[in-house]
Structures are given as C-alpha cells and as structure tokens.
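Read through the structure below, which is laid out as structure tokens, and then see the notes.
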Amino acid sequence: MLSADSAAIVRTTLPVVGASLDAITARFYDTMFADRPELLDGLFNRGNQANGEQRRALAGSIAAFATRLLEHPDERPDALLTRIAHKHAAVGVTDDQYVIVHKYLFAAIAYVLGDAVTPEVAAAWDEVYWLMAGALIAQEARLYAAAHARNGDTWRRWRVVARREETPDVVSLLLRPLDGGPVPPARPGQYVSVRVRMPDGVHQLRQYTLSDAGDLRRITVKRVTGVPDGEVSTLLHDTVRAGDELTLSAPFGDVTLDDGGAPLVLASAGIGGTPIVAMLQHLAAAGSDRRVLMLHADRSPADHALREDMANLADERIFWYEQGAATPDRDGLMNLADVEIPAGAVAYLCGPLPFMRDVRAQLLKAGVAARDINYEVFGPDLWLAG
C-alpha cells in the first residue's frame, strides 16, 4: 500500500524520525492544545497528558505502523490498529479530528527536524499518516455503525441503582439506562467510557471494564493514588451514590471471550480481575461446560476486589497473595510451576504490564501457543518488546 518512492524515503528517515518522536509529539500536543483547548474538554485524558503516557502512545503507534508498512509494503496493517480504533470509538473520535491532528503533527515534525524535512520527506510521511488515519477512520465507522451511532455520539445517560464497596479503594457501581430502554449488547471483556464534569468545568473521560454486562451494567473502579491522584476515579469514589446519573459510551474493546470450546485459563492481578469476572458470568449464564482454570494474584484477601464473585463462579481457581494468604490460597506472586495448565488452552490475561509479561512467559513455557494468549492493555500494543 505504501508507494515505492515513499517506502525508500521512510526507510531512510525512520531512524531520525523515530529518535525524535518524543520531541515531535511533545511539540504537537503543546501547540495543538494551545490553539484548540476545547479538545481537552471531553476528549483527551489530561492525566495522560501530564504524565507523558499519551505522547509515548502516539509515538509508539506511529513508529510501529511505519515499520510494519516497510516490512509488508503491499499491505495496510489494519489489524495493528484494531485496539486503537476501539479506544477512539469509546471517546467519540470523529473524521474531522484527523485533519486537525495532521496539521499540528506535521508542523511539529517540521519544527523539530528543520531542514531535514524536504518536500519529498514530508510527502512520504504524509502518505504514512493518511494510510494510518484512513485505516482508523474505516474501522471506527464500522464500530459506530454497529453501535447505531453517528459521528461518534454513542453517549447515553444511566442511573446508579446501587453502590458496593468492594475493598477500601475499589467500588462497584450498578447502572440502568435512564430512559428505561434496552441495555445495548456487550461482549464479556469490553469496557465503556464514563464522561464526568470536573470541578473546574472540564469534562474528562475514563474507560472502565464492565465487570457485569447483564441487564444491569456494573463498573468496578479502583481509586488511583499518586502524584497526582486520579481525578476521575477520585470523583467517582467521593461523590457518586445510588440515585445519581452518569454518562456512558456504548461498549467497546477487542479483547473479548471467544465462543469456542477450548479450555480456558483466566489470569488476572489486582483490578485486572474485572474482565475476568465478566467472562465467568457469561459462561455461567450460558450454561457452558468448558473447563475453566481461574488464576488471580493480589496484595491480600482484603485487597482482592470481586473475590466472592470469582470464588462463586469458578470451580477451579487458585489465588496468590503477597500477604495474609490462608489455605488453600498461596503465598507470593503468581507462580505456575506446579499448576497443571490444560492442553490446548486459550488464555486471557489482565493486570499490570509486568504481571502480564511474566505470566505470558510462564504460559508459553507450559505449552500454551502464543496465538492463544490474549491480553487487555490500553495504548499501542508494544509491550511484548519491553
């Protein structure tokens, strides 16, 4: 899909552009938000802007897409972008915003690289950008159509019908559509965006996995602490009670439970247990006879959100705790050395990145095929190289 002339230029300039992507994306966001501050209201996560995660995600996705185009010049690597398309649909990205991004991104490239950006270099990278943007626009259009939405508007008002304190820093909110209409279908493992108005008047979005995708929707929110604290999770914990209203997107996410009959290994850590519980509930509701081995690691039983759900829904389960473990639970981090992994198993992982790297390596060693290990992670799918 990338023309031969452009491919040659991109191959030559990729090392220089790649080495400068952090500076380019920093300049891009600074100038775009200075000119278009409204984009921070209800679209971009300003927490990720502050800690640099958004900048690194953009840089990583551009570099990965360009590299894949060079490796397979006759193909457009749409599959590489599926996870990003779902995230974009969850926040309501629209076609016209790709034009805005193009303007400020290419101005940043010219600013950072200076005279190295000849007209030929600019044209080659312009081709890369629009191949990537075109793939995303097409995927997002299909997602919006499936959600019966137009121009990114999948938002709907929901009422909080119950609030449950799971642990000292995790709360579950059960929700029902305010309009009394049917609950839109969701696959186990998908998430929704929650849009809230912050005290300063700016709307912010955060994604939360549906820990129950049945007739009542449930999101399970961990309070994010640090410097700074998570502003949306703090607001939800401190202010939202039964009877309040929230704005939610339609469900999105590409890491969902398959419909096959292979044995399942569901492995999670911390708040990563939320999609696992949704998968267990789906299997129970469907009367599935698939073999399911559920594995979870946490700091302690008191910190283990949705522990009762996991215990009640999974016949085969092992819990690891760094402190406070009691028989039959296990001490320490998740260790699969003496765990019998079912032959031909399909695995789903969710948790912190170091946890997923480690458990994936253990599953591979136990004979699970790499293609059968699925994992949920936001941002570009680059963590396996880390």
Side-chain angles (χ1 to χ4, degrees), residues 1-39 43-44 48-49 52-85 87-89 91 93-142 152 379-386:
M1 296 292 293
L2 187 62
S3 67
D5 289 345
S6 291
I9 293 172
V10 170
R11 182 173 287 106
T12 300
T13 57
L14 181 58
V16 175
V17 173
S20 303
L21 274 173
D22 190 64
I24 290 169
T25 53
R27 172 76 181 180
F28 156 68
Y29 283 118
D30 286 347
T31 54
M32 183 173 69
F33 291 139
D35 287 354
R36 305 292 298 265
E38 73 276 8
L39 293 175
L43 184 63
F44 283 92
N48 287 345
Q49 292 297 322
E53 287 187 9
Q54 185 72 52
R55 184 176 72 247
R56 291 189 291 273
L58 177 61
S61 61
I62 293 171
F65 188 80
T67 300
R68 191 68 63 86
L69 283 175
L70 295 177
E71 292 172 348
H72 304 281
D74 296 328
E75 302 174 9
R76 190 177 68 178
D78 289 13
L80 183 70
L81 304 175
T82 300
R83 195 161 296 182
I84 299 173
K87 182 67 176 289
H88 282 184
V91 301
V93 169
T94 56
D95 296 1
D96 61 303
Q97 289 163 348
Y98 285 95
V99 178
I100 297 171
V101 167
H102 177 271
K103 172 185 174 180
Y104 290 98
L105 180 60
F106 275 74
I109 292 172
Y111 178 86
V112 172
L113 298 182
D115 293 341
V117 184
T118 65
E120 293 76 18
V121 169
W125 281 95
D126 187 75
E127 188 175 340
V128 171
Y129 176 84
W130 284 113
L131 282 171
M132 184 173 178
L136 286 168
I137 289 169
Q139 290 193 39
E140 289 153 22
R142 290 192 290 271
D381 189 6
L382 304 174
W383 65 278
L384 289 178

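Going from atom CZ of Arg142 over to atom CD1 of Ile137 covers 12.0 Å, rounded to the nearest 0.5 Å. In this structure, OG1 in Thr82 is found 9.0 Å from CG in Leu136, a value given to the nearest 0.5 Å. Taking CD from Gln97 and CG from Leu39, the interatomic distance works out to 6.5 Å, rounded to the nearest 0.5 Å.
Side-chain contact between Phe28 and Leu58 is present, with heavy atoms from C-beta onward closer than 4.5 Å. Contact of the Leu43 side chain with the Val93 side chain is registered, since non-hydrogen atoms from C-beta on lie closer than 4.5 Å. You'll find the side chain of Met132 reaches within 4.5 Å of the side chain of Ser61, heavy atoms only.
Heavy atoms only, all atoms of each residue included: Phe44 and Tyr29 are closest at CE2-CE2, 3.8 Å. Across every non-hydrogen atom of Arg68 and Leu80, the tightest pair is NH2-CD1, 3.7 Å. The shortest heavy-atom contact between Leu81 and Phe65 is CD1-CE1, 3.7 Å. For the residue pair Ala122 and Val117, the shortest heavy atom distance occurs at CB-CG1, 3.9 Å. Residues Pro77 and Leu69 come closest through the heavy atom pair CD-CD2, 3.6 Å. For Ala124 against Ser6, the heavy-atom pair with the smallest separation is CA-OG, 3.6 Å.
For Arg36, the side chain to side chain donor-acceptor pair (under 3.5 Å) partners are Glu38, not counting sequence neighbours. Here Asp95 pairs with nothing under the side chain to side chain donor-acceptor pair (under 3.5 Å) rule; sequence neighbours left out. Contacts of Asp5 classified as side chain to side chain donor-acceptor pair (under 3.5 Å), with partners at least two apart in sequence or in another chain: none. Residues passing the side chain to side chain donor-acceptor pair (under 3.5 Å) test with Tyr129, sequence neighbours excluded: none.
Residue pairs satisfying the salt bridge (Lys or Arg N to Asp or Glu O under 4.0 Å) criterion with at least one member in residues 113-136, sequence neighbours excluded, are absent.
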Could you tabulate the donor-acceptor pairs under 3.5 Å formed by side-chain atoms of residues 11-24, not counting sequence neighbours?
| from | atom 1 | to | atom 2 | distance (Å) |
| --- | --- | --- | --- | --- |
| Arg11 | NH2 | Leu70 | O | 3.4 |
| Thr12 | OG1 | Ala8 | O | 3.0 |
| Thr13 | OG1 | Ile9 | O | 2.8 |
| Thr13 | OG1 | Trp125 | NE1 | 2.9 |
| Ser20 | OG | Val16 | O | 3.1 |
| Asp22 | OD1 | Arg55 | NE | 2.9 |

